[in-house]
Every structure is written in structure tokens, then in C-alpha cells.
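Below, chains carry the letters A, B, ... as their sequence lines are ordered, and counting in each starts from 1.
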Amino acid sequence: MNTISILRQRFSHALAALLDEPADSAAVCELVDMVRRSQDAKFGDYQANCAMPLGKRLGRPPRDVATELVERLDIDDLCEPAEIAGPGFINLRLRDAALVDALAAAVVDERLGVAPAERPRTFVIDYSAPNVAKPMHVGHIRSTVIGDSLSRTLRFLGHRVVTDNHVGDWGTQFGMILFGYKNFRDESAYQASPVTELARLYRLVNQLVGYHAAVARLPEARAEAERLQASAAAAQHAPVSADKKEAKQQKKALQKLRSQADDQAKVVAALEATIAGVEGDPQLERLAAEYPDVGARALAETAKLHAGDAENLRLWHEFVPLCLEDIERIYRRLGVTFDETLGESFYHERLPGVVASLRERGLATDSDGAVCVFLDGFDTPMIVEKQDGAFLYATTDLATIAYRMERWSPDAILYVVDHRQSLHFEQLFATVRLWGFDGVELEHVGFGTVMDTSGKPYKTRSGDTVGLESLLDEAVQRALKIVSENDDAKPGGATLDAATRAQVAETVGIAALKYADLSQNRESDYVFSYDKMLAMNGNTATYMQYAYARVRSIFARGEVDVEALRASDAGVALAEPAERALALEILRFSEALDAVVADYRPNQLTAYLFDLAGRYSTFFEQCPVLKAPDAETRASRLLLCDLTARTIAQGLELLGIRVVEKM
RNA sequence: GCCCCGGUAGCUCAGUUGGAUAGAGCAAUUGACUUCUAAUCAAUAGGUCGCAAGUUCGAAUCUUGCCCGGGGUGCCA
């Protein structure tokens, strides 16, 4: 049961009668949406705020309207008599009997009373999408974890979901690997551990390419930096205008010049660092000198691959499965799966057709030797074919959408991708509309950057991106320490053997990493901190898992047969405020899931679970379960415990997080 | 220059799409462990929601202008 949707239904009837309009009219729907959860318990459990705008509209005092609305409302089976407060708020308090009935239904329901969507939709969800040429890094966590959670939640709600890992297996990076393999391979290292060697080769070639690019750019960058410095200096020494307004503008211009000069100085410093990184290493320096055209040659390898070169294709077929297997190992550890892994290469043959089709419809035109889609409202075109005839990710993305529409006819396609690509998606979606797909919801589910504690993008001390696997290892290692210390400190002595501790640490560590990410509003950048994610208090996975383990321990301690309890005719009685508050929260699960799906925000679910755990803790303090005063109360409280544990476990599962029975 | 996102407690962040007295966690102060797992709970303190106007019964939320930060901005993804 979803309380709020039932209440809204009842309100829509009353409002339709009052307004003399159909219950599904826009006016009624808008007012019905103003039925919501009260944010303060003293205003009841739910509240309807529609009397104020309605009063205005009808030219009547809102309180009168509220009174009339309440009279027309048929909610006596669910709610205590409605109260009208303040300017015209309608405050609703659910009858305990209604709560008790709903709880009884949830006890015997696999789905905890969450009804499947009335109108199931088909979703294609595009997430994770690592580049097979380089190891997964910190930036892939968010896409992977958020996408996985959204998939699980939508599925649970009864939607059809196709998850598709659009891996990068065909681009520039692959050319670097091919070039590296052909020129710099250490055969014995490759035999021993192919993926490690390929990763080394990628890094090496990337470094050499970066070096030559930096050397080429440096003089101009330096000149620009000097020019800006000089302008800033000149502006600083210029006489200050007597006119106040002009003086202010002068100051502003100076500030701007300074910040530009600073930015440019940083660009120069970055280039110098790139160069120093190579020149500081005799071996690298030698290679750099030996291969001055490494960038062009790597690109040529990519081009040859695309053109069907036999040798490059053979190597591609050799490398890709190895790389995918390596990535798969991390997915297994994360508990993430995909229905499809259709990488960029899958669409290769379709790309010329895409461009031809865009031309045919007059959407694409030639410009500066490239083929571009110019769109109203955008300063820059979307390029679908480069001067050299190569295709870009825009082209692949278009082909991918066409394919997905053809194969699954989805109602929605979600892209869980870094928000820095928002412009690309705006252009892509706009093009797709013009191209002829207009019935599908296209959504860029963007997310912010992972930062370190000083507010910069998360990197190692030497400036490299942090590998995802080392991140997992570190989290698990820290979790093991915490688990062990806690176990040692238990009043009755340690209860976990070494193997169990290691297992618990793996679950707890990975959960911490995922939850830290999911509990954040996805739009904002997020600060990565092991200490914070593994904290025992606050909105963390550790706290949630602990809450679960604590509930379960009651059943173990009391030797309660949960199945028998659920099957028995025992019911929940809500005598204590803490019991009622907990019950209400348990029954709100369905609303929380709706909130997740409405904006594709898993943090709505973590927030709910945290609230639930908080209510449970209060209940746990105030209401003895095993030592309850009588058998009925004991059974009632055990049922509340059971529902809490199941809701937490189910909620965490939808986040892709597992629970442990003991910790 | 233009476009997008953000600015909420000392710190890290929520804020149910315009509702009543803006909430958590950390840090600070106080109290509660021969326990149903204290990895906890209860309580206190902490705010001109960047600034200024506007819209209305009502604004952290919508509009406009400005300030500050981040990102993007024609051939990487």
C-alpha cells in the first residue's frame, strides 16, 4: 500500500466534485499533488495544502474551502477526523487500525506491501562505460553504482529494464595500445599478465603523446602567459580614473586579467610538469626522441583498425576479451551486472548510415571539411564526421539510440554520465528529436566529480588517477580493522573467526564505498573520504548494516522462529509513540522508492533508510522486545523488528548493498 | 564572450519541486553501558539559506540583476 497515493485518490474525488471537473483534469491533479507527508508530527502524518490556492481561485476564504473539502472527503476508514489549521492546512492523522492493517499485509508480502507500477515502462540504462584500454578509476564508481541502483529500483517497481554497458573499445585509446604493443611490448610481461602489460603500454604511449603535444604547445602558452602578466602589470600601474564608476570598472578588469594570468600560469606549469615527467627519466626521454611522431602514428593505428586492417583486427580480437575479463572481475566484486555489453565497436558499421541519414533529412551539412549538425540555440555544431573522415562519439551515440529503439522500443533511455558532458547530451537529444525519435524520454542522469578533501579532483599524490581496484582494497582493509576492533571489544568476547571477519570486511568496505556515493545528491561534486564513509554514526552503510545486524541478533538471542511468527495470527499493536513512529516509517518505503524514480536520485532511498534506522533506534531504546511485559506485546514488537530488518535489507539491496547477520 | 551547475550551521551535506518554527552527521557541551550488539541513544548549543529587488496568503525553493566558485564551449570521450 502506498498511503499517499490512496489519499491523493480520495482527494481527487472530493476536489473533482468541488470544482465540478473531471478527477483527472490538470487543475485537479495539480491540487492533488499538494497532499504530502507532514514534516512535523504535530501537524499529523499527512497534510493537504490545496485549500489556499483553491480559496484564491474561488474567491472564498481558504478555511471555508478546507472545511467544505473535508466534508466531501471520504477518508474515515483511513484517517482520524481531519483538522484544519492555520490559513487552511488540512492535517491528517492515520488511524492506528489502518496502520495495523497495512503492517499485517506487509508481514505476509514478499514485496513488503510495495505495489508494482500500474503502467510498467521499458528503460534502457547506460552506465559504467569504462574504456577497455585503461584501468577503471575513481570516476567510474559513480556511474556504475548509481546506474546499478537505478536499475535495481526500477526493476523492483515492475518496470522492464535493459542495462547496457557502452564500453569504449574502439577509440583513440585503442590505437595507443596497438602502437604500444607493436613498438614497446615486453613479451614476457605480456605473457605473464597481458592486461597489466597493456595498461603499462597505454600509459607509456599516452605519456609520450602528451609530451610531444606539450612541447609543441609550450612556447605559445608561455607567450600568452607573459602577455597576460604584462597586461595585468600595466593595468595595475595605470592611473586610477577620477570617475568612481570608471575606477570600479578598472578594478574589475584588473582582477579579471590577474585571474586569467593565474589560469594561464597553471596551464604552463601543467605542460612543464608533463615535459619534466619525461625528461626526468632517461629511458622515456630516449623514447620520446626516437618517436617524435608518436601521436600521429597512434592515430594511424586507430584509423587502420577502423579500416579493417587484418593485423590490427586480430590484435583487437585478442585484447578486448582480456580487458573485459579484467573489468568483469571488478564488477563481480561490486556485485554489478549488465544485460548487454555493446561497446562502441558494435556500432562501427552503422556509422556511415547515420551520417547519410542525417544528410538526407537535411540535418547535417559540410562545414570546414567536417560534417556537422547545426542546432538552434547552440553556439557550436555537433560534429558527426571529422575532416579526416573519422566518426566521433556523437555519431556512435546516435547509432546507439537508433539501435536501442529498433531492438527494445524503450519508453526511456537513461545515461548515467558525468555532468560535464551535459552539452553533448543536450545536442544529442535535440538531434535525435529532429531525426525522428520523439516518443522516448531521453535523460542525462548527470553526476558531479569525485574530489579529495582539499576540494580538487581525486588523484594520487603524483597526479595519477586512482585505480578503482586499489580504492576497493583500501576500503576493505580499513573495514577489516574496524570490524576486528569492534568484535574484540564485545562484552562477551569476540564472536567472529578470521574468515568471517574477512568476509564481513569485504561486504562492509564495498558497501561503505557505494553508499557514500549513493547517499549524496548525484548532481553535486562529492568529497571522497574513507573516514567518512566508514564512520559508524551518521548516514553510512556501516550504520545501516549495523542496524540490520542488531535487529537480527534479537531473533537469534530470543531463538525466535521468524517464519512461524509471520504465519501466526499475532498482530502489531501500537501503544507507544516510538512504535507508531516506526510503523509509519516502515509503511513509507513505497513512497521513498517513488521519490527515487521520479528524479533518478538514489539518495532519496538512503535518506529514507537513515530515517527508518533512526526510528528503529529510538524504538529499540524505549521498547524492550524480548523482555516485553506480555506475550502479545513481545510478538507485536518482534513483528516490527522483522519488518524493519526486511525493509532495510530490501532497501540496501536496491542500492546494490548486501547485509550481514553479525558484525 | 556565451552556456550549464552550484553558494544552506565551524566542517561535510539533505531539504519531498511554493507550505507552518530550514534539518542530519561530524566537531563542541551534558547525560545514559553488570545491555535485546554503546558501531548506539537522549539532550543543549550553533543560521541575515551568497547579496539586492520582485512575484503572493506564504520563497532556501520561482523571476531579474549583481558577487563568488566549478564545469563546458568546432573535429577526445
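- Separating the CD atom of A:Q39 from the P atom of B:A24 is a distance of 11 Å, rounded to the nearest angstrom.
- Rounded to a whole angstrom, the distance from the P atom of B:U48 to that of B:U30 is 26 Å.
- Spacing of C1' atoms, B:G54 relative to B:G58, comes out at 15 Å, to the nearest Å.
- Atom pair A:L609:CG and B:G25:P shows a separation of 16 Å (rounding to whole Å applied).
- Distance from the side chain of A:P87 is smallest for B:G19 among the nucleotides B:A77, B:G19, B:C75.
- Nearest nucleotide to the side chain of A:S422, out of B:C4, B:G74, B:A39: B:C4.
- Contact between the side-chain N/O atoms of A:R550 and the OP1/OP2 oxygens of B:A39 is not found at any separation under 4.0 Å.
- Picking from B:A39, B:G19, B:U37 the nucleotide with the shortest atom distance to the side chain of A:R557 gives B:U37.
- If you take atom P in B:G15 and the same atom in B:G71, they sit 23 Å apart, rounded to whole Å.
- Considering only side-chain atoms of A:D368, the nucleotide from B:C4, B:U37, B:C75 that sits closest is B:C75.
- Closest to the A:Y393 side chain, of the nucleotides B:U56, B:A20, B:A77, is B:A77.
- Remark: the separation of the C1' atoms in B:G47 and B:A60 is 11 Å, to the nearest Å.
- For B:C41, one of the phosphate oxygens OP1 or OP2 lies less than 4.0 angstrom from a side-chain nitrogen or oxygen of A:Y543.
- Atoms CD and OG1, from A:E585 and A:T644 in turn, are 10.0 Å apart once rounded to the nearest 0.5 Å.
- When the P atom is used for both B:U16 and B:C62, the distance is 10 Å, rounded to whole Å.
- Among B:G74, B:A20, B:U56, the nucleotide with an atom closest to any side-chain atom of A:N91 is B:A20.
- Exactly one of A:Y415, A:Y347, A:F346 qualifies for a ring-ring contact (aromatic ring centres under 6.0 Å, His included) with A:H166. That residue is A:Y347.
- Within 6.0 Å of CD on A:E30 lie no more than 12 heavy atoms contributed by other residues, nucleotides or ligands.
- Stacking here means ring centres nearer than 5.5 Å and ring planes tilted less than 30 degrees, and by that measure A:F610 does not stack onto B:A24.
- For the pair A:R63 CZ and B:G19 P, the interatomic distance rounds to 20 Å; values are reported in whole Å.
- Under the Watson-Crick or G-U wobble criterion, with both distances below 3.5 Å, B:A60 is left unpaired in every strand shown.
- Pairing partner, B:U37: none, since no Watson-Crick or wobble contact has both distances short of 3.5 Å.
- Distance check on atom C1': B:C11 versus B:A28 gives 12 Å, rounded to whole Å.
- Note: A:F391 and A:Y393 fail the aromatic proximity criterion, with ring centroids not under 6.0 Å apart.
- The gap from the P atom of B:G19 to that of B:A59 amounts to 11 Å, rounded to the nearest Å.
- For A:Y543 and A:Y546, the ring centers sit 6.0 Å or farther from each other.
- A salt bridge does not link A:E83 with A:R93: every distance from a Lys NZ or Arg NE/NH1/NH2 to an Asp or Glu carboxylate oxygen is 4.0 Å or more.
- Counting only heavy atoms from C-beta on, A:L423 has its side chain closest to B:U73 among B:U12, B:U73, B:C57.
- Atom C1' of nucleotide B:U12 and atom CG of A:D517 are separated by 15 Å, given to the nearest angstrom.
- Remark: A:D45 does not engage A:R37 in a salt bridge, criterion side-chain N to carboxylate O under 4.0 Å.
- Classified by interplanar angle (parallel below 30°, tilted 30° to 60°, perpendicular above 60°), the ring pair A:F425/A:F429 is tilted.
- As rounded to whole Å, 15 Å separates atom C1' of B:A39 from atom CG of A:L480.
- Look at A:K42 and you won't find any side-chain N or O under 4.0 angstrom from OP1 or OP2 of B:U21.
- Figure legend. B:G1 is base-paired to B:U73; pairs are counted as Watson-Crick or G-U wobble with both atom distances under 3.5 Å.
- Proximity of A:Q387 to the phosphate of B:C75: no side-chain N or O atom is located under 4.0 Å from OP1 or OP2.
- Regarding contacts with the backbone of B:C4, every side-chain N or O of A:R420 stays at 4.0 angstrom or more from both OP1 and OP2.
- Rounded to whole Å, the distance from CD on A:Q173 to P on B:A77 is 8 Å.
- Here A:T618 reaches the OP1 or OP2 of B:A42: one of its side-chain N or O atoms lies under 4.0 Å away.
- The pairing partner recorded for B:A42 is B:U30, the criterion being a Watson-Crick or G-U wobble arrangement whose two distances lie under 3.5 angstrom.
- A straight line from CG of A:L375 to P of B:U73 spans 16 Å, rounded to a whole angstrom.
- Between the CZ atom of A:F620 and the P atom of B:C33 there is a distance of 15 Å, rounded to whole Å.
- Distance from the side chain of A:S617 is smallest to B:C41 among B:C41, B:A20, B:G1.
- The phosphate of B:G74 has neither OP1 nor OP2 within less than 4.0 Å of any side-chain N or O from A:T380.
- Note on A:N539: every side-chain N or O is 4.0 Å or more away from OP1 and OP2 of B:G25.
- Pairing partner, B:C51: B:G65, with both Watson-Crick or wobble hydrogen-bond distances short of 3.5 Å.
- Under 4.0 angstrom from either OP1 or OP2 of B:G15 there lies at least one side-chain N or O belonging to A:N521.
- Side-chain to base pairing of A:S367 with B:G74: one donor and one acceptor N or O lie within less than 3.5 Å of each other.
- Ranking B:U12, B:A39, B:G74 by closeness to the A:I383 side chain, first place goes to B:G74.
- Spacing of C1' atoms, B:G23 relative to B:G46, comes out at 13 Å, to the nearest Å.
- Once the 5.5 Å centre distance and the 30° plane angle are applied, the aromatic ring of A:F43 is found stacked with the base of B:A20.
- The side chain of A:M34 lies closest to B:G19, out of B:G70, B:A39, B:G19.
- Within the 4.0 Å cut-off from OP1 or OP2 of B:G15, at least one side-chain nitrogen or oxygen of A:N603 is found.
- Here the side chain of A:S524 pairs no donor or acceptor atom with the backbone of A:Q520 at under 3.5 angstrom.
- In terms of polar N and O atoms assigned as donor or acceptor, the side chain of A:E621 never comes within less than 3.5 Å of the base of B:A32 in a complementary pairing.
- Dashed line: the shortest gap from a side-chain N or O of A:S524 to OP1 or OP2 of B:U12 is not under 4.0 Å.
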